[in-house]
Colleague: 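Pasting a structure below so you can have a look.
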Number of protein chains: 2
Amino acid sequence: MNSKAGYSSLSSPLQSGLHKSGLRLTPQRKKVLDLFQRIGSSNHLSAEEVHAHLLQMKSRVSLATIYRTLRLLVKMGFLHQLELSEGGHRFELLSKDHPDHHHLVCINCGRTEEFESEEVVSAGRKAAENKGFKLIESTLNVRALCPQCI
Amino acid sequence: MNSKAGYSSLSSPLQSGLHKSGLRLTPQRKKVLDLFQRIGSSNHLSAEEVHAHLLQMKSRVSLATIYRTLRLLVKMGFLHQLELSEGGHRFELLSKDHPDHHHLVCINCGRTEEFESEEVVSAGRKAAENKGFKLIESTLNVRALCPQCI
DNA sequence: TTACGTGCAAACCCTTTGCATTCCG
DNA sequence: CGGAATGCAAAGGGTTTGCACGTAA
């Protein structure tokens with residue numbers, strides 16, 4: 001039933017999420033989210049890169065629409081926006097089997113590794129509690145040099 | 001010998017650091033660093049804000065020079081560049097009595113609190129070790145809502 | 001049919017840069 | 001004096017927006 005050949009014509013999470021807010025499922029929105037799902041959750045793409053990837057698969061989506069769509073998908077919780085690069089943001093798929101994680105970035109070549117850490121999560125939680133803040137998310141960015149760049 | 005009551009005419013850290021590299025101590029560079037020292041290490045200023053603060057104290061320093069100076073002071077280790085705001089970078093004074101610390105930011109009003117955490121520091125260190133990276137710095141950014149904005 | 005969404009280009013914000021002039025050492 | 005630094009304005013990169021047309025529901 002739910003195999004590779006079968007496809008879920010019955011309202012994808014994206015479609016139902018959109019409809020709930022009176023928004024529409026457009027081919028462009030579908031293509032952008034599909035791209036992230038196809039490349040997996042460990043990839044971090046910039047808006048320009050999303051644009052380029054789609055072009056490669058013969059889908060011309062304007063950059064303006066890509067920016068609008070990325071913002072929307074972040075707000076809807078499908079994507080996560082990273083703050084790690086110097087020039088511009090990057091986005092990654094947010095999935096259950098790939099929860100709270102942090103990034104180790106080589107400041108020389110940009111290579112990025114991910115890791116998880118319960119201590120970091122609890123440190124963020126404690127900090128928020130101490131100051132009376134309501135936690136939204138905490139992200140640890142580790143700037144470093146990768147083996148090749150040392 | 002010394003004219004006024006106790007002043008350190010003998011080469012400030014800024015001056016000696018600059019001279020070591022064949023660079024010069026200019027009034028502009030002095031004013032920017034002085035500003036950060038005057039407001040203390042818990043303030044996070046954007047380039048525009050530095051510009052405005054200096055104007056208030058009747059010092060016109062061009063924005064271009066402020067950007068150049070901020071980059072220089074970061075490279076020299078006097079300032080630290082934060083990655084937390086959506087629009088543009090912020091800078092803070094780096095001092096010994098105010099070491100490794102992290103930021104709790106209200107995503108609504110921008111209010112920022114600082115905190116320290118040994119667990120976070122060691123989590124970053126471990127992550128770098130595990131992947132064979134050479135650690136440079138690790139910063140935890142906690143996005144949250146402050147009491148007033150909840 | 002009718003909002004909502006798209007594409008295009010212009011506008012925007014933050015930051016950097018080229019160049020003539022100023023000025024530190 | 002000579003090279004470094006400044007100020008100005010223009011250029012630059014990433015992102016947003018106004019508007020007319022296209023299109024999902």
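Chain letters run A, B, ... following the sequence lines, proteins first and then strands; every chain starts at 1. Please read these numbers as outputs of a predicted model, since none were measured by experiment.
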Colleague: Is the distance from OP1 or OP2 of C:dT15 to the nearest side-chain N or O of B:Tyr67 less than 4.0 Å?
Modeller: yes
Colleague: Is the phosphate of C:dC14, meaning OP1 or OP2, less than 4.0 Å from a side-chain N or O of B:His89?
Modeller: no
Colleague: Would you check if A:His80 and A:Thr139 make a side-chain contact, meaning some heavy-atom pair closer than 4.5 Å?
Modeller: yes
Colleague: B:Leu72 CG to C:dC24 C1': how many Å, rounded?
Modeller: 15 Å
Colleague: For A:Lys31 and D:dA24, what is the distance between atoms NZ and P respectively, to the nearest whole Å?
Modeller: 11 Å
Colleague: Below 30° counts as parallel, above 60° as perpendicular, anything between as tilted: where do the rings of B:Phe115 and B:His102 land?
Modeller: tilted
Colleague: Whole-Å distance between D:dA25 C1' and A:Gln15 CD?
Modeller: 10 Å
Colleague: Measure the distance from CZ on A:Arg90 to C1' on D:dG13 and round it to the nearest whole Å.
Modeller: 14 Å
Colleague: Separation of A:His51 atom NE2 from D:dT15 atom C1', in whole Å?
Modeller: 14 Å
Colleague: Any salt bridge linking A:Glu83 with A:Arg90? Criterion: basic side-chain nitrogen under 4.0 Å from a carboxylate oxygen.
Modeller: no
Colleague: OP1 or OP2 of C:dC24 less than 4.0 angstrom from a side-chain nitrogen or oxygen of B:Thr26, does that happen here?
Modeller: no
Colleague: Among D:dA24, C:dC23, D:dT6, which nucleotide sits nearest the side chain of B:Arg24?
Modeller: C:dC23
Colleague: Starting at CG of A:Leu70 and ending at C1' of D:dT17, how long is that distance when rounded to a whole Å?
Modeller: 17 Å
Colleague: OP1 or OP2 of D:dG7 versus the side-chain N and O atoms of B:Gln28: is any pair under 4.0 Å?
Modeller: yes
Colleague: Quick one: on DNA chain C, does B:Phe91 or A:Leu23 contact a more 5' nucleotide (nearest heavy atom)?
Modeller: A:Leu23
Colleague: Under the 3.5 Å rule, do the base of D:dA5 and the side chain of B:Arg68 count as making a donor-acceptor pair?
Modeller: no
Colleague: Can you measure A:Ile66 atom CD1 to C:dC8 atom C1' for me and round it to whole angstrom units?
Modeller: 14 Å
Colleague: Does a nitrogen or oxygen in the side chain of B:Arg71 sit under 4.0 Å from OP1 or OP2 of C:dT16?
Modeller: yes
Colleague: When you check the phosphate oxygens OP1 and OP2 of C:dT6, does a side-chain N or O of A:Ser62 lie under 4.0 Å from one of them?
Modeller: no
Colleague: Got a salt bridge between A:Glu119 and A:Lys126, using NZ or NE/NH1/NH2 to carboxylate O under 4.0 Å?
Modeller: no
Colleague: Take A:Gly22 and B:Ala47, find for each the nucleotide of DNA chain C with the closest heavy atom, and name the residue whose nucleotide sits nearer the 5' end.
Modeller: A:Gly22
Colleague: Where each residue is assigned the nucleotide of DNA chain D containing its nearest heavy atom, which of B:Arg29 and B:Ala64 is assigned the position nearer the 5′ end?
Modeller: B:Arg29
Colleague: Rounded off to whole Å, could you give me the CD-to-P distance for the B:Glu49 and C:dC14 pair?
Modeller: 11 Å
Colleague: Should the pair A:Arg111-A:Glu113 be classified as a salt bridge under the 4.0 Å nitrogen-to-oxygen rule?
Modeller: yes
